[in-house]
Amino acid sequence: ATFLCKVYYGGNLTIRLTLGGCANRPFYRIVAAHSKFARDGRFVEQLGCYDPLPNSHGEKIVGLNLERIRYWIGCGAHLSKPVERLLGLAGFFPLHPMMITNAERLRRKRAREALLASQKTDTEATETEAS
Amino acid sequence: MLRALSRLGARPPRRPPALVLLPARGRKTRHDPPAKSKVGRVTTPPAVDPAEFFVLTERYREYRQIVRALRVEFATEVRKNLYESRVGVLAERRARQKAAEHREMMAWNRAENQRLHELRMARLLQEAREQERLRAEEQALKAQETQAWVQLKEREVLQLQEEAKSFITRENLEARVEEALDSPKSYNWAITREGQVVRPQDEGS
């Protein structure tokens, strides 16, 4: 087999993120590739991109080729967790349960911290009143 | 629900495992031995809230159900598209259109060939006629030339015949010799640059 035209045993077609960009500047490409290939190696088709750093308007840009994603999922492609999350956020897939759970946990933590902070201010106020 | 909670259910406390479990890979690879400070380490999994766990399992079940349904739908769509492209109505129409186009192009090609053939025949006829004409002209020229040559030769012969009348023969010999001796000829003449002959009798004093 020629270079980069290797045939692997096992493995499956996966839609995953390929890392590119420079130091301190990641940039992901959403790519359909054989799961046994390197992360940045040979892929079958590029299906979109994801820029994790927000731009000047505070937006994180994601590009998705939904037609081709449908086709590859119909051909039996697996999806990686980040890709599932992105598709859930986009609305193409349902929201990932872990994402909802993490959001709830964060909200509860923030509520607890806010409560603690308010309690501390109340106690300080009572102490100052007492003194 | 019961299955979810039974997973959290009463289990005997875990003994320290024989091999120390390695956490996430950092500086060391999987082939490096663990450090001495981690000899008696017992890893404890994080605490799980049963209500949250139950809610999470339900959510996962629903999520996987939906995703499986989506996959099935996409797979059927792909197969339908494949079938349509091979045996569909559009494919048949396209095939018929292509066949018609092919026939049209072949007919046009035949017509073009016919036209070019006729043009070629006309051109070849024209060229043949031209060739004939040229050859005829050449022949005429040659005939004329031979005629002229023959006439020239005839004229030369006649001229020679006439000159032969004034030749010197054995019978005329003595008479001619007497005649030449009786008529002296003077060669004392010069020629100017313009080509005029200058004789001494005319100009000399």
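Labels below follow one simple rule: chain letters A, B, ... track the order of the sequence lines, proteins then strands, and each chain is numbered from 1. Values below: all heavy atoms of this structure, side chains included; hydrogens, waters and symmetry mates excluded.
- In the displayed structure, A/F92 atom CZ is contacted under 6.0 Å by more than 12 heavy atoms of other residues, nucleotides or ligands.
- Residues of residues 60-79 of chain B that come within less than 4.5 angstrom of chain A, heavy atom to heavy atom, are B/Y60, B/Y63, B/I66, B/V67, B/L70, B/R71, B/E73, B/F74, B/A75, B/E77, B/V78 in numerical order.
- Within 6.0 Å of CZ in A/R110 there are 12 or fewer heavy atoms belonging to other residues, nucleotides or ligands.
- Between A/M99 and B/R59, the closest side-chain pair of non-hydrogen atoms is not below 4.5 Å.
- To the nearest 0.5 angstrom, A/E104 atom CD is 9.0 Å from B/L56 atom CG.
- Chain A is approached within less than 4.5 Å, heavy atom to heavy atom, by no residue from residues 93-128 of chain B.
- In A/E124, the CD atom is crowded: over 12 heavy atoms of neighbouring residues, nucleotides or ligands sit closer than 6.0 Å.
- Within a 6.0 Å radius of CZ in A/R107, no more than 12 heavy atoms belonging to other residues, nucleotides or ligands are found.
- In terms of non-hydrogen atom pairs under 4.5 Å with chain B, the most contact-rich of A/R105, A/E84, A/R70 is A/R70.
- For the set A/A77, A/C75, A/G76, the count of heavy-atom pairs under 4.5 angstrom toward chain B peaks at A/A77.
- Within a 6.0 Å sphere centred on NZ of A/K81, other residues, nucleotides and ligands contribute 12 heavy atoms or fewer.
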